[in-house]
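In this chain, numbering begins with 1 at the start of the sequence shown. Just follow the structure's listing: the first ligand is 1, and inside any ligand the first atom is 1.
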Amino acid sequence: MDPAKAAENAILEHLQSHDEIPDSQQFAAAAGFEHGVVENVVKSLCGSRTIEAKEIKEERWALTDEGKCYVDAGSPEVQYFLALPSEGEILMKDLEKKLDPTVYKVGPSAAVVNKWVTMRKEKKEIPGSKKAETIVYVSRKVANVEDKVKYLLKKIEAGEVVDEKDVDALKRRKLVILQTWRGYSLRKGPEYVLVREKAATDLTREHIQRGDWKELKFKEYNLSAQVQPIQIGYVQPLLEVKEEIQNIFLQMGFEEMPTNNYVESSFWNFDALFQPQQHPARDSHDTFFIKVPSTTKQLPEDYLEKVKQVHQSGGYGSKGYEYDWKREEAEKNLLRTHTTAVSTRMLYKLAQQKPFVPKRYFSIDRVFRNEAVDRTHLAEFHQIEGLICDRGITLGDLLGVLEDFFSRLGMSKLRFKPAYNPYTEPSMEIFSYHDGLKKWVEVGNSGMFRPEMLLPMGLPEDVNVIAWGLSLERPTMILYGIDNIRDLFGHKVDFDVIKNNPICRLGLQ
Ligand code: PHE
């Protein structure tokens, strides 16, 4: 019979002739059931009101593994005593051979304290050397001993009450520990029967045809039962945070830029940003170059000429980089390394519009860098970028906008550190205080676009652009408590992480 059914029968049978089962633990142990099985049966029997149960919670002393050993074999001090000859002495060394190592170690101290044994030391010269060794002899001091420890352990094992002082001594010897014990006392319920009828769970067509539904006993609804988890779709954390940030930008009056071109020319990714052609970021160690098609031929010729001039010989108050600018280098196709390439295209477009209209732009999309992949770096990630293009904009505006933007993201403590970008001056790295990590973490990069970038486009001279960029992954990892970027993005993402993360179900806020 299945153990649950057997336990149910045993409980109901017992209650037929007894008022009470005072202790389900003892009942289970005596009848040979696991208490977990009995517990489930008790819950089910209470549900149908066949029995009533009261929970009992108590603290009880239980034997440790070492304590259990001594219940049969006797306490170590008694084992030690019994190993001694009834008359005369035994060499300590010989005793060691006879005894279990724990008994040999633990036994003597209690045996000596109890005045059961004596030890006699003798110095003996080692033949052929000037040194002496100490030899220890052990002998009995009394004829018989009583094993009180064994007796107490047996009592505790049987659940009997033992004097507090004695328990304390056993506790100090780590032979007993206090355990929280939980069980039930059981009595008949209002619906008590010796054999529970199986309650029907469904009303079927057959029940109605046969008419036996009138006699059927239906199982009551358990309104507090947990339902099966529902298989639904979950929003990827990056998408969730992306939407949140899109909303922040929209609330701040920004328009989204079209970012649907992963492949970009070096011209728009680097040259138009006044990034010199020898710059290390333009090396294949940092950037993925495209093999087919390897170049872009269609570039705005007038503008290209101005970009070439500003690199080679400067202008607009700058002396440029003074090198031989090569068109072939600008034509090379690559996977865009930052969305600032998109910002540049948009600013160029804006510059062609007359009269000038101020703009606030943002984008959130994928960028690519030839990086070694580790816990915090991937070769592709998402970049968030914002810019404001207007007359008379200052560094003060940049600080204010950043404070506003980041505080809407929940990062209100900011610090700025001077930095370098070829296309911004001044440039600032942005740090935010992370309450969880209790330190300042870098959250973005920012600056004012240089005149060498803006003026060749044809923007009016009094127009300035403040801009900033950050990765989407970083704030997402902070918000979701994910510490390995590969759990968030890429082919190693574990769907269970997404399924089990409550924010993926409930959304942010
Ligand atoms: N393009 C920069 C980066 O990739 C971010 C940035 C954008 C910096 C705009 C300054 C201004 O890190």
Side-chain angles (χ1 to χ4, degrees), residues 245 249 252 254-257 259 261-262 264-276 279-283 285-288 334-348 350 359-371 376-390 393-406 409 414-432 441-454 457 459 463-475 485:
I245 292 172
F249 273 120
M252 291 175 69
F254 285 67
E255 283 170 53
E256 188 158 3
M257 299 185 270
T259 47
N261 56 319
Y262 292 167
E264 187 53 278
S265 62
S266 293
F267 179 76
W268 287 111
N269 195 82
F270 294 125
D271 296 279
L273 280 120
F274 196 53
Q275 189 144 337
H279 193 283
R282 300 180 68 148
D283 195 282
H285 292 298
D286 289 313
T287 300
F288 292 115
L334 44 75
L335 289 177
R336 70 174 175 225
T337 63
H338 50 184
T339 44
T340 317
V342 177
S343 303
T344 311
R345 277 179 178 272
M346 291 302 283
L347 285 171
Y348 173 70
L350 187 63
K359 283 283 180 195
R360 295 171 166 230
Y361 282 138
F362 81 95
S363 68
I364 308 173
D365 209 343
R366 209 174 282 203
V367 299
F368 307 84
R369 292 192 193 164
N370 196 356
E371 286 204 71
T376 51
H377 294 91
L378 290 177
E380 54 186 293
F381 60 97
H382 293 79
Q383 209 167 40
I384 305 167
E385 177 137 335
L387 70 88
I388 300 179
C389 175
D390 203 348
I393 294 247
T394 64
L395 187 66
D397 291 308
L398 178 57
L399 294 174
V401 170
L402 291 177
E403 298 267 357
D404 186 7
F405 173 80
F406 280 97
L409 263 177
L414 293 188
R415 266 187 192 171
F416 305 98
K417 186 173 141 188
Y420 173 77
N421 296 308
Y423 39 91
T424 52
E425 182 59 36
S427 311
M428 302 184 302
E429 276 168 7
I430 309 158
F431 290 78
S432 162
V441 291
E442 193 191 331
V443 290
N445 185 358
S446 67
M448 300 188 70
F449 283 143
R450 296 183 76 108
E452 291 97 323
M453 169 183 168
L454 300 179
M457 291 176 174
L459 282 169
V463 166
N464 281 337
V465 179
I466 54 175
W468 70 99
L470 59 143
S471 87
L472 174 64
E473 282 75 2
R474 190 140 216 179
I485 199 162

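Neither the backbone nor the side chain of Met448 comes within contact range of ligand 1; no heavy atom lies under 4.0 Å. No part of Ser343 comes within 4.0 Å of ligand 1, judged by heavy-atom distances. At a heavy-atom cutoff of 4.0 Å, ligand 1 is contacted by the backbone of Trp468 but not by its side chain. Counting heavy atoms closer than 4.0 Å to ligand 1, residue Leu470 contributes nothing at all.
Any N or O atom pair closer than 3.5 Å counts here, and Glu385 shares no such pair with ligand 1. Between His338 and ligand 1, a contact under 3.5 Å exists for at least one N or O pair.
Heavy-atom contacts of Asn421 reach the following atoms of ligand 1: 8 (C), 10 (C) (cutoff under 4.0 Å). Close approach to Ala467 involves these atoms of ligand 1, each under 4.0 Å from a residue heavy atom: 9 (C), 11 (C). Atoms of ligand 1 lying under 4.0 Å from at least one heavy atom of Arg369, given by number and element, are 3 (C), 4 (O). Atoms of ligand 1 found under 4.0 Å from any heavy atom of Gln383 (numbered from 1 in listed order, with element): 3 (C), 4 (O), 12 (O). Which parts of ligand 1 touch Thr340 is read off a 4.0 Å heavy-atom cut-off, strictly below it: atoms 1 (N), 7 (C).
Scanning the protein heavy atoms around atom 6 (C) of ligand 1, the nearest turns out to be Gly469 N, 3.8 Å. In this structure, the protein non-hydrogen atom closest to atom 12 (O) of ligand 1 is Asn445 ND2, 3.7 Å. Protein heavy atom closest to atom 2 (C) of ligand 1, with residue, atom name and distance, is Tyr423 OH, 3.1 Å.
Counting only heavy atoms from C-beta outward, the side chains of Val465 and Tyr423 never approach each other to under 4.5 Å. Within the 4.5 Å cutoff, no side-chain heavy atoms of Arg282 are placed close to those of Leu334. The closest side-chain heavy-atom distance from Met252 to Val401 is below 4.5 Å.
For the side-chain contact (heavy atoms from CB on, under 4.5 Å) criterion with Leu387, the lone passing option out of Tyr361, Trp468, Phe254 is Tyr361.
Looking only at atom types and distance, the side chain of Thr337 has a donor-acceptor partner in the side chain of Asn269 under 3.5 Å away.
Distance alone, capped at 3.5 Å, is enough to place a donor-acceptor pair between the Arg336 side chain and the Thr259 backbone. Using a distance-only test at 3.5 Å, with no hydrogens or angles considered, no donor-acceptor pair links the side chain of His382 to the main chain of Glu473.
Between Phe249 and Phe362, the two ring planes are parallel [angle under 30°; tilted spans 30° to 60°].
For Thr287 against Ala281, the heavy-atom pair with the smallest separation is OG1-O, 2.6 Å.
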